[in-house]
Amino acid sequence: MLMDSPIKIYEHLLHVLEQIPRGKVSTYIKIAEALGDPVAAKAVKDALERERFAEFKTKILESAQRSSDAFTDFVSDRPLELLASYQMEQAEQVIRDDDFNGSDRIAGVDVSYQGDVAASACVVMDSDLEVIDSASTVIPVSFPYIPGYLMFRETPAIEAIAEHVSGFDLLMVNGHGIAHPRGCGLASYVGLKLEQPTIGVARTLLVGEKEEMGHSVKYNGEVVAAEINRPGHPPFYVSTGHRISLTSCVEIVERMEGRRQLPEPLRLAHLEARRLMREL
DNA sequence: GCGACAG
DNA sequence: ATCTTGTCGC
């Protein structure tokens, strides 16, 4: 599938909302289904909170009401279905084995938000946890947060800043790699687009379950992530992004671990992204 | 009562 | 992710 131009999800939403007949109502779930995936129900709700769609909010049923009479006969291109199949295609391109030269220079990226604006920061560190380079920038966002579709919201901001940093061997991303419903989370996608090895680091699981014994997280019968435990801190999860094995992910993440919960490059990138956003 | 979902 | 002060504890 070709993804030359980004999906204009809000225009699709507008198109769907306008189909609700005058005097009739619908539900967030039905609208999300029309967009191609019911998981987007909360994102639909969030969108209707915004000025642009405020006029349609009266067309939503109260949650306590029964939705049997909700308008559901929408005509839509179902954009989220398109995006989901795109992810499945991309998943096949992901390399889950080690395919990198050195691992001295580790970078971390993170993004901070404020309305329709994103501030992204990238920090590169060496094996001694010394900062080698860093950069940050601001860029508009045009896609909402929808569980499973984070890549479409965050990748543009990450690409925008990753280019402005000197060479790194490996990039750590806040979000899952292959530990994703369709095998291609943000970290994997960023790896494919930048053609760089990436590691996914996330605070909570999106899919999968930790095995009774050990630290492995299994999804559909395969190990897709590892739980990392640091004394005094809640656990977090690491998964293959692109061109690296899970074993190496764990090894590198533990090596870049300061005394905090998350790896230093990610912690610093997070601080920098927030700092930049708050000074605007 | 079920489900509860990266950032 | 973000909205948000003080407060408890190392």
Side-chain angles (χ1 to χ4, degrees), chain A residues 9 27-29 32-33 35-47 49-50 63-64 66-67 80 83-84 87 91 108-122 138-159 161 172-191 198-210 217 219 224-228 230-241 249 253 259-263 266-267 269-278 280:
Chain A
I9 190 78
T27 69
Y28 297 133
I29 288 277
E33 283 172 349
L35 291 176
D37 193 334
V39 79
K42 283 176 186 165
V44 171
K45 177 185 185 297
D46 291 343
E49 304 287 316
R50 319 206 55 169
S63 58
R66 297 187 54 198
S67 57
L80 294 181
L83 296 180
Q87 291 177 321
V109 279
D110 193 34
V111 183
S112 181
Y113 296 92
Q114 198 170 90
D116 289 333
V117 178
S120 55
C122 187
V138 169
I139 185 177
V141 290
S142 56
F143 200 93
Y145 169 69
I146 301 173
Y149 300 82
L150 176 63
M151 61 159 71
F152 302 108
R153 175 174 174 78
E154 207 150 297
T155 300
I158 292 178
E159 281 187 297
I161 197 57
M172 301 198 300
V173 178
N174 260 315
H176 294 292
I178 64 172
H180 177 276
R182 292 167 287 281
C184 186
L186 174 66
S188 295
Y189 191 55
V190 167
T198 54
I199 297 176
V201 179
R203 296 173 173 287
T204 62
L205 290 174
L206 178 58
V207 296
E209 297 174 351
K210 188 173 79 74
V217 173
Y219 181 59
V224 295
E227 183 182 77
I228 304 292
R230 306 266 61 167
H233 290 291
F236 63 94
Y237 305 87
V238 173
S239 61
T240 289
C249 285
V253 162
R259 227 169 49 186
R260 316 302 187 89
Q261 183 195 3
L262 294 180
L266 282 180
R267 191 178 70 84
H270 183 264
L271 288 178
E272 177 55 21
R274 289 214 70 178
R275 188 198 64 71
L276 175 58
M277 179 54 81
R278 303 180 83 147
L280 289 180

Practice problem: Using a 4.0 Å heavy-atom cut-off, write out nucleotides 5-10 of chain C from 5' to 3' as B (base contacted by protein), S (sugar-phosphate only) or - (no contact). | Solution: ------
Exercise. Determine, for nucleotides 1-7 of chain B in 5'-to-3' order, which nucleotides have protein heavy atoms under 4.0 Å from the base (write B), from only the sugar-phosphate (write S), or from neither (write -).
Key: ----BBB
Quiz prompt | Expected output: side-chain A:Thr198 to main-chain A:Ala187 donor-acceptor under 3.5 Å | solution =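 Yes, the answer is positive, given that a donor and an acceptor are paired below the 3.5 Å cut-off.
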Self-check item: Check: A:Asp37/A:Tyr149 side-chain N/O donor and acceptor closer than 3.5 Å
Solution: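 Yes - a donor-acceptor pair under 3.5 Å links their side chains.
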Self-check item: Set of residues satisfying side chain to side chain donor-acceptor pair (under 3.5 Å) with respect to A:Arg203, sequence neighbours excluded
Solution: A:Gln261
Atom pair distance, as rounded to whole Å: [atom1] in [X] and [atom2] in [N]:
X	N	atom1	atom2	value
A:Lys45	C:dT2	NZ	C1'	14 Å
A:Asp116	C:dA1	CG	C1'	13 Å
A:Gln114	C:dT4	CD	C1'	14 Å
A:Arg50	C:dA1	CZ	C1'	13 Å

Quiz item: Would you say the side chain of A:Cys184 lies within less than 4.5 Å of the side chain of A:Met151, judging by non-hydrogen atoms?
Solution: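 A:Met151 reaches A:Cys184 side chain to side chain.
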Quiz item: Do A:Leu266 and A:Phe236 touch side chain to side chain, with heavy atoms closer than 4.5 Å?
Solution: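 No - every pair of side-chain heavy atoms lies 4.5 Å or more apart.
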For [X] and [Y], work out which heavy atoms get closest and say how close.
X	Y	value
A:Gly241	A:Ser188	O-OG, 2.7 Å
A:Val111	A:Ser120	CG2-CB, 4.0 Å
A:Ile29	A:Ala41	CD1-CB, 3.9 Å
A:His180	A:Tyr219	O-CE2, 3.8 Å
A:Leu206	A:His176	N-NE2, 3.4 Å

Quiz item: Heavy-atom count around A:Glu209 CD within 6.0 Å, excluding the residue itself: above 12?
Solution: no
Practice problem: Can you tell me which stems involve DNA chain B, if a stem is defined as three or more consecutive Watson-Crick or G-U wobble pairs, both distances under 3.5 Å? | Solution: none
Quiz prompt | Separation of A:Cys122 SG from A:Glu272 CD (nearest 0.5 Å) | solution =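 Spacing of CD (A:Glu272) from SG (A:Cys122) equals 11.0 Å.
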Self-check item: Under 4.0 angstrom between A:Arg274 side-chain N/O and C:dT2 OP1 or OP2
Solution: yes
Quiz item: List DNA chain C stems (3 or more consecutive Watson-Crick/G-U pairs, under 3.5 Å)?
Solution: none
Practice problem: Any pair with a residue in residues 175-187 of chain A that passes salt bridge (Lys or Arg N to Asp or Glu O under 4.0 Å), sequence neighbours left out, goes on the list, sorted by first then second residue, please. | Solution: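 Found none.
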